[in-house]
Q: 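Before we start, here is the structure in question, set down as structure tokens.
Residue numbering restarts at 1 for every chain, and letters A, B, ... go by the order of the sequence lines.
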There are 2 protein chains.
Amino acid sequence: MTIFLGKAFLTASSREERLDTTGGKRGRITIHDVAAAAGISISTASKALNDTGRMGLETRERVKRIAAEIGYRPNALARGLLSKRSFTIGLLTNDTYGRFTLPVMAGISDALVDHGVSVFLCAIEEDPALAQIHVEAMLDKQVDGIIATGKRLDRRLPLDLSNLNVPVVYAFTEGAPGSVTFRSDDAQGAQLAVEWLAKLGRKRLVHVTGPESFFSVRERANAYRKVAGGQQQVLFGVWSESWGHEAVAKLWSGGERPDGIFCGNDQIARGVIDALRERGVRVPQDVSVVGFDNWEIVAAQTRPPLTTVDMELKELGRQAGLTVLALAEGRSVEPGIRKLPCRLVVRQSCGGDTLGI
Amino acid sequence: MTIFLGKAFLTASSREERLDTTGGKRGRITIHDVAAAAGISISTASKALNDTGRMGLETRERVKRIAAEIGYRPNALARGLLSKRSFTIGLLTNDTYGRFTLPVMAGISDALVDHGVSVFLCAIEEDPALAQIHVEAMLDKQVDGIIATGKRLDRRLPLDLSNLNVPVVYAFTEGAPGSVTFRSDDAQGAQLAVEWLAKLGRKRLVHVTGPESFFSVRERANAYRKVAGGQQQVLFGVWSESWGHEAVAKLWSGGERPDGIFCGNDQIARGVIDALRERGVRVPQDVSVVGFDNWEIVAAQTRPPLTTVDMELKELGRQAGLTVLALAEGRSVEPGIRKLPCRLVVRQSCGGDTLGI
DNA sequence: TACATGTGAGAAAACCTTTTCCCACTTGAC
DNA sequence: GTCAAGTGGGAAAAGGTTTTCTCACATGTA
């Protein structure tokens, strides 16, 4: 088989003149080569390979076999020029750190690789000019669609994507009106956490979370209040370990001490757990702690490992990918905000981890 | 200006028939539209826009102005078909977590965006079949080159890239023989760390690091031994905080206690610092600690914030990007391994942070 | 025998650019 | 008045693929 791949074969083909002009770059095998090798026209070759048109079954099979033998792969650029589909999408993100983008990207890629779609990743910080350049580069390359993702549900990317002539889907960032937006169901996630604490018999709960200016913080806090009952306490702060420490200091300095702490993210939870340990408070025997995010690098390294809420970002990416694909193919999609359920990941910071959920 | 963008303009253009066939998707503005609007041929339009050919300066300017007015952008697919350049490269990685890939990606993108190059990101876990699919998809899309990156200097990606007919550059992963490979200079990084400890007057040093099976671990350890002097101690372990704890327990259980600890990565350093604090050993007053990686999320959250070695991955990405571009343009590049220098990031875990380096 | 129908396959247009040639015209020199 | 040289611009091919149309031939029917 491999013998056909050599120069000898190509030179013998009908396109021998091409080899002379391509210079250094080894000329790729085109459908002309397939046609020549099979002794048919390129139209017939094309139809054989794409299972279209009319022809003898035997011819079709033979062409396919020969194409495989000589290692023919269609040129996506040429195909895209005609079909108006590039099998390419763009992923735009302002999440430099990749905390959210990477799982989303993995999901998109996972969903689309089977459809032959590749993904341009563009990290655009907060720079509108840079964003503009990247978007234009993607449009020039005829992307079939764009997925915009960010690090915050209630902020937009620093540019307007609403008037592009390609479909745009938003994931984990605020979308334009009338668009499709995927996000995690933070209220349901909070509910999972609180119900788990309740199930373990915790009665005196506190919610230690990030800045109230974040939409998801408010949403989680509201859900927490609703599920836990009115008398429960919420402490707003910042997204850092040190705020976790501080919050524990505050809580243990007076008033009734909690036996269950629901934290707004894993870093806060880690600060809380470290502070509790330093005070000699045992986790999970004396106090149960739940985090939010399931950021492995934090959650798995806390002592004890952290029970936390996973936002299923990969699944979110998968759905966003399938949706943008559907739109690119002209299938219509109901606009609106889709909230995807979170999942509780049980480790050891609450106890109950031997219950088998 | 915007008035020209409407359907009215396009319909009036010489290509009005196209609108009927494109159906839902709004037809893009092509060079035909520019030519029609300027009352010239498409060849002239092309030459005007690309500053090639011969024509009156006034004509050239007018064409450019009109093109800008109606918002013409050349179709990169069509251009690529002819020029054999797609202005697209692929980034292949097996670093699911993105710890190393994201900074490298940022550097590549940063270096290439000015050249109009976009980057396909393909995360291929350790799955050779998946890797193969991704590479073929990229080749079909005529990428101008591929950058392979990983999470470990001494491991290859699970597929062979050496016989592709596009240039391949390796970054932070082991490359094929005869290829160009970029990596950090771990020995020099270790030297920076040790010299800093020495400069601060630390005499009794220990190196607490990861598994000896890692090439970079051995390289750092060797450099450490060479710079610190022969009598110094090296503890090999794993890449985790708990190993940092364990190491401190070992060191403080007998023998001479160190006053300077150089850790193999930031997570170990964090474990070390936490363990020291728990023992009442003051950092940096009693012991100086240096990390490796400058992983912000870890280094900035330790108490005190961690002085650590940064591998300059972004710069590494930048150079890899420029190199693959050079190869794609046919410029020849000296093969071999290029070691890029590391940089010491001074925070507070060693003291000396007020020295202003 | 004449005609409709069906079958296999090829020619050519189309997608959008760039580039190579070539043509028509002007200018200047002899 | 003829010729050479220079100038502005257009026609057409090329790049690789898909799709539409057309053609030649074989088969079946009246």
Q: Please name the residue in the list B:Val143, B:Ile89, B:Val113 that meets the side-chain contact (heavy atoms from CB on, under 4.5 Å) test with B:Val119.
A: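 With B:Val119 as partner, B:Val143, B:Ile89, B:Val113 yield a single side-chain contact (heavy atoms from CB on, under 4.5 Å), made by B:Ile89.
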Q: Just how far, in rounded Å, is P of C:dC15 from CD of A:Gln142?
A: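 So the CD-P distance, A:Gln142 to C:dC15, works out to 14 Å.
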Q: Between D:dA14 atom P and B:Leu82 atom CG, what is the distance in whole Å?
A: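 Interatomic distance, CG of B:Leu82 to P of D:dA14: 11 Å.
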Q: Contacts to DNA chain C from residues 40-53 of chain A, heavy-atom cutoff under 4.0 Å, which residues?
A: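 Correct list: A:Ile40, A:Ser41, A:Ser43, A:Thr44, A:Lys47.
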Q: Given atom CG of B:Leu81 and atom C1' of C:dT18, what is their separation to the nearest angstrom?
A: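 Taking CG of B:Leu81 and C1' of C:dT18, I get 11 Å after rounding.
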Q: Let me see the working for A:Phe120 and B:Leu121 under side chain to side chain contact (heavy atoms under 4.5 Å, CB included), right down to the final yes or no.
A: CA-CA 6 Å; A:Phe120 286 125; B:Leu121 179 59; over 6 Å; no
Q: Tell me, please, which residues at least two apart from B:Phe100 pass ring pair (Phe, Tyr, Trp, His ring centres under 6.0 Å).
A: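 Once residues adjacent in sequence are excluded, the partners of B:Phe100 under the ring pair (Phe, Tyr, Trp, His ring centres under 6.0 Å) criterion are B:Phe172.
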Q: Rounded to the Å, how far apart are B:Ile31 CD1 and D:dG10 P?
A: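 After rounding, the gap between these two atoms is 12 Å.
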Q: Please report the distance, rounded to the nearest Å, between CG in A:Leu77 and P in C:dC15.
A: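 Whole-Å distance recorded here is 17 Å.
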Q: Could you tell me whether B:Arg65 and B:Glu69 make a salt bridge, using a distance below 4.0 angstrom between a side-chain N and a carboxylate O?
A: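 Result for this pair is yes, salt bridge flagged.
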Q: Rounded to whole Å, how long is the line connecting atom CZ of A:Arg85 with atom P of D:dT17?
A: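 Rounded to the whole Å, the gap is 18 Å.
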Q: Would you classify B:Arg73 as touching base, sugar-phosphate or nothing, given that sugar-phosphate means primed atoms plus P, OP1 and OP2, and contacts are heavy atoms under 4.0 Å?
A: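 Touches sugar-phosphate only.
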Q: For a side-chain contact (heavy atoms from CB on, under 4.5 Å) with B:Leu92, tell me which candidate from B:Val168, B:Leu159, B:Thr149 qualifies.
A: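 Between B:Leu92 and the candidates, side-chain contact (heavy atoms from CB on, under 4.5 Å) is satisfied uniquely by B:Leu159.
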Q: Please report, rounded to the nearest Å, how far the C1' atom of D:dT7 is from the CD atom of B:Glu58.
A: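 After rounding, the gap between these two atoms is 14 Å.
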Q: Touch check for B:Ser83, heavy atoms < 4.0 angstrom, all strands: base, sugar-phosphate only, or nothing?
A: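 Nothing: the residue B:Ser83, judged by heavy atoms under 4.0 Å, touches no strand.
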Q: According to the salt bridge (Lys or Arg N to Asp or Glu O under 4.0 Å) rule, which pairs have a member within residues 104-117 of chain A, sequence neighbours left out?
A: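 Passing the test, one end in residues 104-117 of chain A: A:Asp110-A:Arg318.
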Q: Hey, is A:Asp51 close enough to A:Lys64 for a salt bridge, meaning N to O under 4.0 Å?
A: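 Here A:Asp51 pairs with A:Lys64 in a salt bridge, since their nearest N and O are under 4.0 Å apart.
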Q: Does a side-chain N or O from A:Arg54 land closer than 4.0 Å to OP1 or OP2 of C:dT7, or not?
A: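 No, because none of the side-chain N or O atoms of A:Arg54 sits under 4.0 Å from OP1 or OP2 of C:dT7.
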Q: Quickly work out the B:Met55 CE to D:dA11 P distance and round it to whole Å.
A: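 Going from CE in B:Met55 over to P in D:dA11 covers 14 Å.
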Q: Note down the inter-axis angle between the two ends of the helix from C:dT1-D:dA30 to C:dC30-D:dG1, five pairs each, to the nearest 10°.
A: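 One end's axis against the other's: 80°.
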Q: Which pairs with one or both residues in residues 118-131 of chain B pass side-chain hydrogen bond (donor to acceptor under 3.5 Å, both in side chains), sequence neighbours excluded?
A: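 Passing the test, one end in residues 118-131 of chain B: A:Lys141-B:Ser118, B:Asn94-B:Glu126, B:Thr96-B:Glu125.
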Q: Of all residues at least two apart in sequence or in a different chain, which pass the side chain to side chain contact (heavy atoms under 4.5 Å, CB included) check with A:Gln319?
A: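 For A:Gln319, the residues satisfying side chain to side chain contact (heavy atoms under 4.5 Å, CB included) (neighbours in sequence not counted) are A:Phe182, A:Glu315, A:Leu340.
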